[in-house]
Chemist: 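Have a look at the structure that comes next, please.
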Amino acid sequence: MLYGMDLTIVDEDLKTVEKSFQEYLASRVPLIGKIGKHILNSGGKRIRPAILLLSSRLNGYQGERAIRMASVVEFIHTATLLHDDVVDNADIRRGSPSANTLWGSEASVLVGDFLFSKSFFLMVADGDLKILKIMAEATTHLAEGEILELVKTADFSITKEEYMDLITNKTAVLISAASRIGAVLGNAPMEHELALMRYGHNVGIAFQLVDDCLDYTATNETFGKTIGTDLREGKVTLPLIFALQQAKDIEKEHIQDIVFSEEIQEKDFNDVLDFISKYKGVETTLKLARDHVNRAKKFLDIFSNSPEKQTLVRLADYIVDRDR
Ligand code: FPP
Ligand code: MG
């Protein structure tokens with residue numbers, strides 16, 4: 001169950017994936033298990049493992065390897081979150097104090113390294129060079145995307161195209177890889193593999209765009225993260241980019257002053273919210289997210305109807321309808 005979304009056909013597999021986390025976290029160093037369990041048991045949506053499992057079943061594969069690869073993709077995602085919360089100075093993740101808040105940045109980064117290394121260990125043990133290549137490429141892009149984001153911090157001249165490139169790398173490539181690996185496990189023809197890769201890419205873009213909107217519009221309770229973190233970290237995301245593109249210089253300067261200020265007070269944050277709302281930044285971003293969800297679903301057209309296909313369609317819809 002994905003917060004109200006029925007994933008029945010892969011529910012059992014997802015439970016096995018959860019169990020395998022414990023096994024893969026086993027280490028003579030107890031801190032690894034402690035931090036690993038804290039973040040892995042904190043209520044992640046498991047979007048990546050669900051997509052990988054559904055994609056493999058869609059292509060006729062239901063064996064053990066899909067479970068292992070689903071765990072790997074969640075481990076890699078978790079490693080990036082541990083690192084990302086240090087980079088973003090985030091104090092809350094999934095409604096609980098972030099690992100860096102509880103155990104410090106050093107421990108968070110190092111346990112992230114453990115999860116990342118373990119993932120590659122598991123893929124080497126699986127022995128499929130094609131899957132290894134897909135993941136090696138995806139994680140390289142991921143790191144690149146995150147570095148690009150760092151370089152673009154507080155850059156008010158960032159364009160929509162640059163931003164889309166950034167989120168393609170930091171978010172969409174991993175979801176796309178998960179979807180593609182399902183096809184590889186099912187020995188799917190190249191046309192099907194590419195369609196699933198593109199499905200994952202578009203779902204990934206939509207996911208990040210909705211995340212960017214929620215950072216302005218959600219409530220702390222449902223979102224499980226602190227609202228306004230992007231702005232406080234100087235991240236110029238699409239709702240703001242759309243507004244900046246239409247704003248007068250004097251308005252831009254005011255927003256810039258807020259972002260560069262020592263601390264962003266509630267009144268300042270509300271000014272930014274009003275600014276984004278005046279230029280329909282959130283609506284335009286959500287519309288774009290919906291376009292990507294529709295594109296994602298279109299890539300499934302070449303598959304005949306099945307419960308797996310229907311679930312992938314619903315999962316894409318869920319991405320834009322979620323509030324967390
Ligand atoms: C969350 O974005 C962050 C990512 C999707 C990618 C993080 C990538 C890295 C830290 C580099 C790669 C690391 C490894 C181990 C290969 P966000 O900050 O917009 O989302 P959030 O609001 O959930 O924090
Ligand atoms: Mg972050």
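Hydrogens, waters and symmetry mates play no part in the numbers below; they use all other heavy atoms, side chains included. For this chain, numbers begin at 1 and follow the sequence in order. Whatever order the structure lists ligands and atoms in, that order sets their numbers, starting from 1.
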Chemist: Quick one: nearest non-hydrogen protein atom to atom 22 (O) of ligand 1, plus distance?
Modeler: K225 NZ, 3.0 Å
Chemist: Heavy atom of D88 under 4.0 Å from ligand 1?
Modeler: yes
Chemist: Does ligand 1 have any atom that is closer than 4.0 Å to a heavy atom of R93?
Modeler: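 R93: in contact with ligand 1 (<4.0 Å).
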Chemist: When you measure from the side chain of H83 to the backbone of V109, do you find a donor-acceptor pair of N or O atoms at a distance under 3.5 Å?
Modeler: yes
Chemist: Just need the protein heavy atom nearest to atom 16 (C) of ligand 1, so name the residue and atom and give the distance.
Modeler: F116 CE1, 3.5 Å
Chemist: Please write out which residues are connected to V151 in a hydrophobic cluster, directly or through intermediates, given that two of Ile, Leu, Val, Met, Phe, Trp, Tyr count as joined at side-chain heavy-atom separations below 4.5 angstrom.
Modeler: I147
Chemist: Report the nearest protein non-hydrogen atom to atom 14 (C) of ligand 1: residue, atom name, distance rounded to 0.1 Å.
Modeler: T80 CG2, 3.8 Å
Chemist: Can you sort out which atoms of ligand 1 are near T171, meaning under 4.0 Å from one of its heavy atoms?
Modeler: 5 (C)
Chemist: Between K170, E146, H141, which one has a non-hydrogen atom sitting closest to atom 5 (C) of ligand 1?
Modeler: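 It is K170 whose heavy atom sits nearest to atom 5 (C) of ligand 1.
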Chemist: Looking at ligand 1, is there an atom of it that comes within less than 4.0 Å of some heavy atom belonging to Q208?
Modeler: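 Contact check Q208 vs ligand 1: positive.
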Chemist: Checking the N or O distance criterion of under 3.5 Å, is ligand 1 in contact with H83?
Modeler: no
Chemist: Please find the pair of heavy atoms, one from A206 and one from I319, that lie closest to each other, and give the distance.
Modeler: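 Taking every non-hydrogen atom into account, C-CG2, 3.8 Å.
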Chemist: Has D88 got an N/O/S atom less than 2.8 Å from the Mg ion (ligand 2)?
Modeler: yes
Chemist: On a heavy-atom basis, which atom in Y199 and which in S179 lie closest, and how many Å separate them?
Modeler: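 Scanning both residues completely, I find the closest heavy atoms to be CD2-OG, 3.7 Å.
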Chemist: Mark up the atoms of ligand 1 that fall under 4.0 Å of a heavy atom belonging to D84, in ascending order.
Modeler: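 Listed by number with element: 1 (C), 2 (O), 3 (C), 10 (C), 17 (P), 18 (O), 24 (O).
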Chemist: Taking a hydrophobic cluster as the set of Ile, Leu, Val, Met, Phe, Trp and Tyr residues connected by side-chain heavy atoms closer than 4.5 Å, whether directly or through intermediates, do V73 and L129 fall within one such cluster?
Modeler: yes
Chemist: Go through ligand 1 atom by atom and flag the ones less than 4.0 Å from a non-hydrogen atom of D211.
Modeler: 20 (O), 22 (O)
Chemist: Establish, yes or no, whether a centroid distance under 6.0 Å links the rings of F75 and F21.
Modeler: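 Ring centroids of F75 and F21 are less than 6.0 Å from each other.
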Chemist: Side chains of residues 254-264: which donor-acceptor partners sit under 3.5 Å, not counting sequence neighbours?
Modeler:
residue : atom : partner : partner atom : Å
H254    : NE2  : D271    : OD2          : 3.0
S261    : OG   : I258    : O            : 2.6
S261    : OG   : E263    : O            : 3.4

Chemist: On a heavy-atom basis, which atom in K309 and which in F303 lie closest, and how many Å separate them?
Modeler: NZ-O, 2.6 Å
Chemist: With atoms numbered from 1 as shown, which atoms in ligand 1 lie under 4.0 angstrom from a non-hydrogen atom of K235?
Modeler: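 Listed by number with element: 17 (P), 18 (O), 19 (O).
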Chemist: Considering only non-hydrogen protein atoms, determine which one is nearest to atom 12 (C) of ligand 1 and report residue, atom name and distance to 0.1 Å.
Modeler: A143 CA, 3.9 Å
Chemist: Going by the order shown, which atoms of ligand 1 are within less than 4.0 Å of some heavy atom of L142?
Modeler: 6 (C), 8 (C)
Chemist: When hydrophobic residues are tied together by side-chain contacts of less than 4.5 Å, even through go-betweens, does V293 share a cluster with M197?
Modeler: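 Different clusters.
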Chemist: Which atom names give the shortest non-hydrogen contact between C213 and P239, and what distance separates them?
Modeler: SG-CG, 4.1 Å
Chemist: Decide whether the shortest distance between a heavy atom of E149 and an atom of ligand 1 is less than 4.0 Å.
Modeler: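 No, E149 has no heavy atom closer than 4.0 Å to ligand 1.
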Chemist: Under 2.8 Å from the Mg ion (ligand 2), is there an N/O/S atom belonging to D230?
Modeler: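 Given the 2.8 Å cut-off, D230 does not count as a ligand of the Mg ion (ligand 2).
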Chemist: Run D165 and K160 through salt bridge (Lys or Arg N to Asp or Glu O under 4.0 Å) and show every step you take.
Modeler: CA-CA 9 Å; D165 174 51; K160 178 191 162 199; over 6 Å; no
Chemist: With the Mg ion (ligand 2) as the point of reference, which N/O/S atom of D84 is the closest?
Modeler: OD2
